[in-house]
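Whatever order the structure lists them in is the order used to number ligands and atoms, beginning at 1.
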Amino acid sequence: MKTVEANGRRYRWMSEPLVVVCVDGCECDYLERAASSGRTPFIAGLLKAGTAYKADAVVPTFTNPNNLSIVTGVPPAVHGICGNYFYDREANAEVMMNDPKYLRAPTVLAAFADAGAKVAVVTAKDKLRKLLGHGLKGICFSSEKAAEATLAENGIENVVELVGMPVPSVYSAELSEFVFAAGVRLLETRRPDLMYLSTTDYVQHKCAPGSEGANAFYAMMDRYLAKLAGLGALIALTADHGMNSKTRADGSPDVIYLQDLLDGWIGAGRARVILPITDPYVVHHGALGSFATIYLHPSESELVRIRLADLEGIETALHNADACRRFELPPDRMGDLVVISKRHVVLGTSRARHDLSGLDAPLRSHGGLSEQTVPLLFSRNATIAEGRSLRNFDILDVSLNCIPALTARKAEDERIRLG
Ligand SMILES: [Zn+2]
């Protein structure tokens, strides 16, 4: 049987097109509430059929570290992407980590393409595209920049005509719908062996599970998933992280401004707080998440750690080595301390550096341990070893190695069953 090896894991060749979906910010509750509303029959079927699991995402529970873990099959300690931002001590600069030069491991997608598989990647935001498509001989484009896709850069052109939908605003539910619509059209017209679809959490940042906005999003997604399955694909779905409300009882954001605190404790500018959630698109969360890393003088780090750990609203404060061991992070891209806040609390730098004027709904965000549990769903039965604790980045392993190959006859039956 043909297999492909990447980052120390071996994967069996797909016996039918495999569509891996990463639903950004998909707290498990979103699926359960949408299913019980009756508006997501396909997802409800998966939840009922015993092919739905819960898995642990990578901490920090942010988009890029988790998407990269999913496509490489390994934690950030191996692939190197542990946030949107890190502080480069040598260059004395805060740098964006969305350039593929920061990626330290090849993707499973690229490995399959090298072995001759037809591979396609569609992401909502362009910030992920270059990382996901690194070294990939295949199709890779974002909804955001769909109109600019070229054969040379993206392996495909005329995407907007193919999808038949106008390019949506970067702050919209439609940006994710475009991803699914593109997935369906690609499966219909080119039938990739392996497809990776990654959405954006614009809706999840605004709408709580069970709300009209959330249920409408999942009803939309459900229609496309059913179509993809109807076209004969195996569907595997997970999330990069969960999502929680981060507000006080009065609805205002519950923020601990770490830089202000540290400036008061040890002197202005003596410590540097980095929020790896920061990126060019911060309107919907004001760059506030539940994970921060702090650079400071070694002589001050234990005292500061103890004081932080004692603060109301802090889940844990760890030294670099302890945090990197526990969360499998690259030590050279983390600060001296790692700080994680509790479920409904977020971490900021200085109050003056956060523009919250764009927040038109009560703050919902992620980054901490409280957003680590995510769904892991498959459209066919998997055989998973008893006692195995699943990670979201096991999704390719389970899809390819733990679900029996589909024979031609069974594939036909399956298509009839799914209508
Ligand atoms: Zn995300």
Side-chain angles (χ1 to χ4, degrees), residues 20-31 55-72 75-76 79 81-85 96-98 121-132 142-144 170-173 175-180 196-209 213-214 217-218 221 237-246 275-292 327 329 340-341 343 346-347 359 361 363-376 391-393 395:
V20 175
V21 182
C22 177
V23 185
D24 200 324
C26 188
E27 187 74 28
C28 297
D29 255 9
Y30 282 114
L31 297 181
D56 275 349
V58 163
V59 174
T61 47
F62 291 137
T63 302
N64 289 13
N66 276 283
N67 268 274
L68 270 298
S69 281
I70 292 167
V71 299
T72 58
H79 64 67
I81 306 298
C82 52
N84 292 332
Y85 253 92
M96 287 280 292
M97 232 186 299
N98 57 2
V121 176
V122 188
T123 89
K125 288 181 185 173
D126 205 60
K127 72 168 178 183
L128 253 180
R129 178 187 58 87
K130 279 196 176 142
L131 286 170
L132 294 176
S142 68
S143 308
E144 185 184 352
V170 74
Y171 295 111
S172 71
L175 198 73
S176 295
E177 176 166 6
F178 195 98
V179 172
F180 292 119
Y196 184 65
L197 307 178
S198 184
T199 67
T200 173
D201 56 10
Y202 171 80
V203 167
Q204 288 77 4
H205 271 288
K206 275 194 185 309
C207 309
F217 178 88
Y218 286 96
M221 182 173 104
L237 181 148
T238 192
D240 52 350
H241 53 79
M243 186 73 75
N244 279 299
S245 70
K246 302 285 182 182
L275 305 175
I277 194 173
T278 310
D279 76 3
Y281 324 76
V282 297
V283 174
H284 52 311
H285 54 62
L288 294 167
S290 293
F291 184 99
F327 304 125
L329 298 170
I340 297 175
S341 56
R343 179 175 296 266
V346 281
L347 302 170
L359 283 181
L363 181 66
R364 300 176 54 74
S365 196
H366 52 96
L369 288 165
S370 44
E371 291 81 33
Q372 201 183 5
T373 307
V374 292
L376 187 58
R391 305 299 305 267
N392 57 353
F393 60 84
I395 194 166

message: Under 6.0 Å between ring centres: does that hold for H366 and F62?
response: yes
- prompt: If you measure from CG on N66 to CD on Q372, what distance do you get to the nearest 0.5 Å?
  reply: 8.5 Å
query: Looking at the Zn ion (ligand 1), which N/O/S atom of D240 is the nearest one?
result: OD2
field: side-chain contact (heavy atoms from CB on, under 4.5 Å) partner of N67, the single match among L131, T123, L132
entry: L132
Residues E371, R364: salt bridge by 4.0 Å N-O rule: no
query: Which angle, to 10 degrees, forms at the Zn ion (ligand 1) with OG1 of T63 on one side and NE2 of H241 on the other?
result: 120°
query: With the Zn ion (ligand 1) as the point of reference, which N/O/S atom of D24 is the closest?
result: OD1
